[in-house]
Amino acid sequence: MFTTGRTPAYNDPEGDPAQSVKILDLPADGTLVFNSVDVVANQVMSITEINLGYLIFNPNLATTTLQSLTFNF
């Protein structure tokens, strides 16, 4: 399941659940793949598709750098 890991968690003023995310930047050391295609900056994908496992992070196994991503709901 997709979670933001943020405190406080995602909260919509109208109470609607998040429907999609927009990937703002890509990992510096590894790749993001969505439905077998490399993700590009500013790509939008639905939370449902993420929860179905279509979004995959492939780390560069030669490094131990902590990775982070920036995205918008």
Side-chain angles (χ1 to χ4, degrees):
M1 174 181 244
F2 177 79
T3 61
T4 65
R6 295 182 61 189
T7 303
Y10 170 79
N11 184 10
D12 181 81
E14 292 83 26
D16 301 323
Q19 297 296 313
S20 63
V21 296
K22 180 179 185 178
I23 304 295
L24 299 178
D25 60 19
L26 301 172
D29 205 4
T31 59
L32 275 178
V33 177
F34 182 73
N35 203 19
S36 301
V37 178
D38 286 350
V39 171
V40 296
N42 297 312
Q43 184 170 341
V44 176
M45 56 202 67
S46 76
I47 298 291
T48 300
E49 292 170 316
I50 293 170
N51 286 338
L52 288 171
Y54 294 157
L55 180 64
I56 298 170
F57 172 64
N58 295 315
N60 178 348
L61 299 179
T63 185
T64 58
T65 306
L66 181 62
Q67 296 292 313
S68 66
L69 301 171
T70 304
F71 55 88
N72 279 345
F73 288 100

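None of the values given here were measured: they were computed from a predicted structure. For this chain, numbers begin at 1 and follow the sequence in order.
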Next on the checklist: As an exercise, state the distance from OG of Ser20 to CD1 of Ile50, rounded to the nearest 0.5 Å.
Outcome noted: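 Spacing of OG (Ser20) from CD1 (Ile50) equals 8.5 Å.
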Sequence neighbours left out, cut at 3.5 Å: what donor-acceptor pairs do the side chains of residues 40-49 make with other protein atoms?
from	atom 1	to	atom 2	distance (Å)
Gln43	OE1	Val40	N	3.1
Ser46	OG	Glu49	N	3.0
Ser46	OG	Glu49	OE1	3.1
Glu49	OE1	Ser46	N	3.2

Item to check | Connected via hydrophobic side-chain network under 4.5 Å: Val21 and Ile56 | outcome: no
Checklist entry - Are Val33 and Phe57 in one and the same hydrophobic cluster, where Ile, Leu, Val, Met, Phe, Trp and Tyr link if side-chain heavy atoms are under 4.5 Å apart? => result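 No, it is not one cluster - the side chains of Val33 and Phe57 are not joined through contacts under 4.5 Å.
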Item to check | Side chains of Leu26 and Asp38 in contact at under 4.5 Å (non-hydrogen atoms) | outcome: no
Next on the checklist: Please determine whether the number of non-hydrogen atoms from other residues, nucleotides or ligands lying under 6.0 Å from atom CZ of Phe34 exceeds 12.
Outcome noted: yes
